[in-house]
Amino acid sequence: MESDSRVDILPLRLNDYEKIVFFTGAGMSEESGIPTYRGKGGIWKQYNYKNYACQSAFEQNPEDVLDFHETRRRMAISCQPHSGHKVISRIERVHPTVSVITQNIDGMHQRSGSKNVIELHGSLWRVRCTCNGSREDFGETYKHRKCPDCGKWLRPDIIWFEDELNSHVYTRSTNIISDSDLFISIGTSAVVYPAAGLPLSAKMHGARCIEINIDYTEGSALYHDNFIGKAGEILPQLFPDAL
Ligand code: OAD
């Protein structure tokens, strides 16, 4: 289906909602120039995740895995947040309870000014080691590839295929979602669990659920409203006062 951003959109009134969650996936960053994972031009079409995004690949060939993530870092650093990211960060400034729960690892929400961001799948900008836990590491290349303390390879602090989500991060997310009254999902294919189960949880707890995507997804049927179009075009129409 073609993207059609000319849908009729009745703006939402922020005051009608107490606790708002923006739940985002790779489609949120697409207009910034960062490719999504699936579909045309998707990262997993170009790279086999088994060689670059799982613990066994890292154990067998850490340098290739780190090279791959440096390529992704260079790409992300060269991109900028777009108007959709700005709508979200501005709403956070004027509304008391707004959370961004993102599957994205690119840090684009934070660069746009969002403060209350939960990264379900980790971050491109952190590394971790069994001896020291996780640490910030921002830049096109890694400051160190091996831990200065124990000498082991530093692992990108990202949830890869076959990894479990961080249980604290996941529990915090489900708590926030079960308390929300407006849940807006943006740019996710809704195929990767457990993240893909969160919209249903929002609905079961009574939130109004809205999906923004350039196409219908596996999860579309559960939403109260589906807006077919780009995040950077639909969000400013939904929240015209935020820009
Ligand atoms: P996907 O690549 O699976 O899906 C991207 C979604 O964004 C698709 O449904 C597109 O239709 C939609 N989309 C594309 N451009 C858009 C735009 N400009 N505006 C709105 N929607 C748009 O990405 P995710 O659902 O985020 O995991 O993928 C989930 C996880 O799978 C990722 O977090 C990643 C990946 O493997 C890890 O890295 C652990």
Side-chain angles (χ1 to χ4, degrees), residues 1-5 7 9 22-55 57-58 65 68-69 71-73 75-76 79-88 100-109 117-126 155-166 169-170 173 184-199 210-223 225-238:
M1 180 175 293
E2 292 282 304
S3 161
D4 179 6
S5 57
V7 284
I9 296 178
F22 291 96
F23 173 64
T24 63
M28 182 76 218
S29 295
E30 186 270 338
E31 289 153 272
S32 293
I34 300 179
T36 57
Y37 292 97
R38 299 170 183 80
K40 198 166 164 245
I43 290 169
W44 301 143
K45 291 232 151 74
Q46 196 184 347
Y47 296 92
N48 185 342
Y49 76 85
K50 290 182 181 159
N51 297 329
Y52 300 104
C54 57
Q55 181 64 27
F58 183 64
V65 171
F68 166 73
H69 286 86
T71 304
R72 300 208 57 201
R73 283 168 159 238
M75 155 73 75
C79 295
Q80 301 302 324
H82 60 72
S83 54
H85 293 107
K86 287 185 193 125
V87 166
I88 294 174
V100 178
I101 300 178
T102 188
Q103 296 164 83
N104 298 341
I105 58 174
D106 55 32
M108 214 50 99
H109 286 295
V117 182
I118 297 181
E119 294 174 313
L120 274 177
H121 290 167
S123 171
L124 257 181
W125 315 114
R126 288 195 307 268
R155 182 205 196 281
D157 193 12
I158 292 168
I159 306 294
W160 285 330
F161 287 87
E162 291 152 25
D163 288 346
E164 306 253 313
L165 294 195
N166 176 308
V169 171
Y170 185 65
S173 304
I184 305 182
S185 166
I186 308 161
T188 176
S189 57
V191 295
V192 175
Y193 283 82
L198 294 175
I210 294 175
E211 180 178 59
I212 300 172
N213 198 298
I214 54 167
D215 210 341
Y216 289 99
T217 69
E218 302 269 324
S220 287
L222 76 79
Y223 289 89
D225 304 283
N226 303 90
F227 295 117
I228 300 297
K230 294 188 171 200
E233 293 171 6
I234 302 283
L235 280 165
Q237 293 177 64
L238 260 187

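Ligands are counted one by one from 1 in listed order, and the atoms in each one are counted from 1 as well.
The distance criterion of under 3.5 Å between nitrogen or oxygen atoms is met by Glu31 with respect to ligand 1. Distances between N or O atoms of Ala26 and those of ligand 1 include at least one value under 3.5 Å.
Two residues are said to be in side-chain contact when any heavy atoms from C-beta on lie closer than 4.5 Å; Ile88 and Ile186 meet this criterion.
Among Tyr216, Trp160, Trp44, the residue whose heavy atom lies closest to atom 36 (O) of ligand 1 is Trp44.
No donor-acceptor pair under 3.5 Å is formed between the side chain of Glu162 and the backbone N or O of Gln55. Judged by distance alone, the side chain of Asp157 and the main-chain N or O of Trp125 form no donor-acceptor pair under 3.5 Å. The main-chain N or O of Met108 is found under 3.5 Å from a side-chain atom of Asp106 such that the two form a donor-acceptor pair. Remark: the backbone N or O of Glu211 is not paired with any side-chain donor or acceptor of Ser185 at under 3.5 angstrom.
Remark: ligand 1 atoms within the under-4.0 Å shell around heavy atoms of Lys230 are 18 (N), 19 (N). Atoms of ligand 1 found under 4.0 Å from any heavy atom of Gly25 (numbered from 1 in listed order, with element): 26 (O).
Residue Arg155 holds its CZ atom at 8.5 Å from NE2 of His69, rounded to the nearest 0.5 Å. Separation of atoms CZ (Arg38) and OG1 (Thr188) is listed at 8.0 Å; rounding is to 0.5 Å. To the nearest 0.5 Å, atom CD1 of residue Ile214 and atom CD1 of residue Ile234 are 11.0 Å apart. To the nearest 0.5 Å, atoms CD1 (Ile101) and OH (Tyr170) are separated by 10.5 Å.
Scanning all protein heavy atoms for the shortest distance to atom 33 (O) of ligand 1 gives His121 ND1, 2.7 Å. Here the protein heavy atom with the shortest distance to atom 12 (C) of ligand 1 is Asn213 OD1, 3.3 Å. Among protein heavy atoms, the minimum distance from atom 6 (C) of ligand 1 is reached at Gly187 O, 3.4 Å. Protein heavy atom closest to atom 39 (C) of ligand 1, with residue, atom name and distance, is Ile159 O, 2.5 Å. In terms of protein heavy atoms, atom 38 (O) of ligand 1 is closest to Tyr37 OH, 3.8 Å. Nearest non-hydrogen protein atom to atom 28 (O) of ligand 1 is Arg38 NH1, 3.2 Å. Distance from atom 18 (N) of ligand 1 to its nearest protein heavy atom, with residue and atom name: Glu30 OE1, 2.8 Å. If you check which protein heavy atom lies closest to atom 19 (N) of ligand 1, you get Ala231 N, 3.0 Å.
Contact analysis puts Phe161 in contact with ligand 1, with a non-hydrogen atom separation below 4.0 angstrom.
Both the backbone and the side chain of Ile214 come within contact range of ligand 1, each with a heavy atom under 4.0 Å.
By the 30° and 60° cut-offs, the orientation of the rings of Phe58 relative to Trp160 is tilted.
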